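All values reported here derive from a predicted model rather than from experimental measurement. No hydrogens, no waters, no symmetry mates; every other heavy atom, side chains included, goes into these values. Throughout, a chain's letter reflects where its sequence line sits, starting with A, and its residues are numbered from 1.
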Number of protein chains: 2
Amino acid sequence: MPVGLTDHELEQLDTLVSARTRVAKGESLFHSGDAFKSLYAVRSGTFKTRINTEEGTDQVTEFQMTGEILGLDGIGNNLHMCDAVALEDSEVCVIPYEQLDTLSQQFRPLQTHFHRVMSREIIKDQNVMLLLGSMRAEQRLAAFFSNLSERQKARGFSSSQMNLRMTREEIGSYLGLKLETVSRTLKKLQNDALIEINQRHLVVTNPAGLKRLAAGKPATEA
Amino acid sequence: MPVGLTDHELEQLDTLVSARTRVAKGESLFHSGDAFKSLYAVRSGTFKTRINTEEGTDQVTEFQMTGEILGLDGIGNNLHMCDAVALEDSEVCVIPYEQLDTLSQQFRPLQTHFHRVMSREIIKDQNVMLLLGSMRAEQRLAAFFSNLSERQKARGFSSSQMNLRMTREEIGSYLGLKLETVSRTLKKLQNDALIEINQRHLVVTNPAGLKRLAAGKPATEA
DNA sequence: CGCCCTTTTGATCTTAATCAACGAATGTGG
DNA sequence: CCACATTCGTTGATTAAGATCAAAAGGGCG
């Protein structure tokens, strides 16, 4: 976060993220249509965001882990456009948006940082569009696990071993696949010795191969 | 745009978007990997943005019409993450990002507006994710044309009749379909009397039906 | 322990991709 | 202005990937 601030400024920044909320597994942090007041930073746990279709079905748009921001889509219309649901007991920092905006006016580094966060969200979404628009099932799952693995690593956890917090159906919803396809494709990845998966426990046995597959290359070195 | 500004402030805002650039059909405004310096607002014409995959294939992420903003994905890493290509002879306003940031610090309404623009980009992308993740070909094209139609209308043009600026392949790339599928599906929509399409000339003969189809309902009223 | 949710597995069907050929439009240079 | 080349679009036949339908096995939790 920004540097070179006075004590008073730091204090203000501190108050910005002082409020915390617990969200139990299965509970929602906000719903689509709710008035937008705050962004949220995940302090612990995992969330999914879910967009509702007119048909009644819905689709997972993102999984958020510790440190990631929830609610950016609310700014546009002062309304949340998705549901945010905790996949396990979780805790978030509440970031009142008015206050963030005000502080951004005062501290340019905060503004700069915030713009980057928003832009990176756009970049991330466009990468998902790429995945959904042009990858096959195997590639999608390889990309998904590679991404999870990197995010785990960035948080100081093992990149080769983790417990998935989401069901096959949620993974499928995010990746544009049916849960049966997810299950079958996982087995295929396991047969190819890229991963080992047992229920929710994932072991990445061949990270390089997984990454190559995600990039559309054969899993075995060319 | 913001109101309640002094003459001096208005002048500054004026200089923000004073520079214009022409981009000939087929030419690029920027490329993926280029240093990010400016955002661009389309003054006239049409662009596509295109993201490159590691496999060498690429995918259209967006079509931009008059008034829409190009380059938001550059902020995150100070690097453009996509190519922007003019689909016809076009003109853009150059918005130097440094300057925009500075002015945002001074004029809160500008900051607010800019945040909304970014957030709406996120919302839009997530709607595309929904399209790519869970709609069938017919639905995707119905949604695409409904959207185009609305945007035309918002610009004061006919919502029922327009000239497409993009090829079948570009439409397919954007919608996650092959060009042959686009062609066939267009014929199907035409047979169902929802549209008439002749080369690039599109007539929406049944906008309500098209919208229903886009929403996953049957095109004919229930 | 029993119930329910999740996951796996199998058989079949549907959609869109792929391969292939042709026709239509656009643009270029002579 | 016309002949040619090139890009773009349509159409047909076939294939492949994933969806769907169905059933059973495995885990977790009250």
key: Contact summary for A:G176 and A:R140, nearest pair of heavy atoms   = O-NH1, 3.5 Å

Nearest whole Å is fine: how far is [N] [atom2] from [X] [atom1]?
| X | N | atom1 | atom2 | value |
| --- | --- | --- | --- | --- |
| A:L179 | D:dC21 | CG | P | 13 Å |
| B:K178 | D:dG9 | NZ | P | 16 Å |
| A:E88 | D:dC29 | CD | P | 13 Å |
| B:E170 | D:dT7 | CD | P | 14 Å |
| B:L186 | D:dT11 | CG | P | 11 Å |
| B:R200 | D:dG9 | CZ | C1' | 10 Å |
| B:I171 | D:dC8 | CD1 | C1' | 12 Å |
| A:L175 | D:dG18 | CG | C1' | 14 Å |

Within a strict 4.5 Å, meaning less than it, do heavy atoms of the [X] and [Y] side chains meet?
| X | Y | result |
| --- | --- | --- |
| B:K211 | A:E54 | no |
| A:E170 | A:L179 | no |
| A:E138 | A:K188 | yes |

Just call it for [X]: base, sugar-phosphate, or nothing, with non-hydrogen atoms closer than 4.0 Å on any strand.
| X | value |
| --- | --- |
| B:G172 | nothing |
| B:L177 | sugar-phosphate |
| B:G26 | nothing |
| A:E180 | base |

query = Between B:T205 and B:A193, is there a donor-acceptor pair closer than 3.5 Å when you use the side chain of the first and the backbone of the second?
reply = yes

task = Examine distances only and state if a side-chain atom of B:T49 and a backbone atom of B:T61 form a donor-acceptor pair shorter than 3.5 Å.
result = no

ask   = Would you say the side chains of B:T53 and B:T57 form a donor-acceptor pair under 3.5 Å?
value = yes

Is the shortest side-chain N/O distance from [X] to OP1 or OP2 of [N] below 4.0 Å?
| X | N | result |
| --- | --- | --- |
| B:K187 | D:dT10 | no |
| B:R168 | D:dC8 | no |
| B:S183 | D:dG9 | no |
| B:R184 | D:dT10 | no |

query = Toward the 5' end of DNA chain D, which comes first, A:R140 or B:T167, by nearest nucleotide?
reply = B:T167

request  = Measure from the ring center of A:F47 to the ring center of A:Y40 and say whether it is less than 6.0 Å.
outcome  = no

ask   = Does atom NZ of B:K124 have more than 12 heavy-atom neighbours from other groups under 6.0 Å away?
value = yes

note = So the contacted stretch of DNA chain C, first to last nucleotide with an atom under 4.0 Å from a non-hydrogen atom of chain A, runs from C:dT6 to C:dA11

All N/O donor-acceptor pairs, side-chain side in residues 72-89 of chain A, below 3.5 Å, sequence neighbours left out:
| residue | atom | partner | partner atom | Å |
| --- | --- | --- | --- | --- |
| A:N77 | OD1 | B:R120 | NE | 3.4 |
| A:D83 | OD1 | A:S32 | N | 2.7 |
| A:D83 | OD2 | A:R50 | NE | 3.3 |
| A:D83 | OD2 | A:R50 | NH2 | 3.0 |
| A:E88 | OE1 | A:R165 | NH1 | 3.0 |
| A:E88 | OE2 | A:T46 | N | 3.3 |
| A:E88 | OE2 | A:T46 | OG1 | 2.6 |
| A:E88 | OE2 | A:R165 | NH1 | 3.2 |
| A:D89 | OD1 | A:K25 | N | 2.8 |

note = the helix from C:dC1-D:dG30 to C:dG30-D:dC1: angle between terminal helix axes, five bp per end, to the nearest 10 degrees, reads 50°

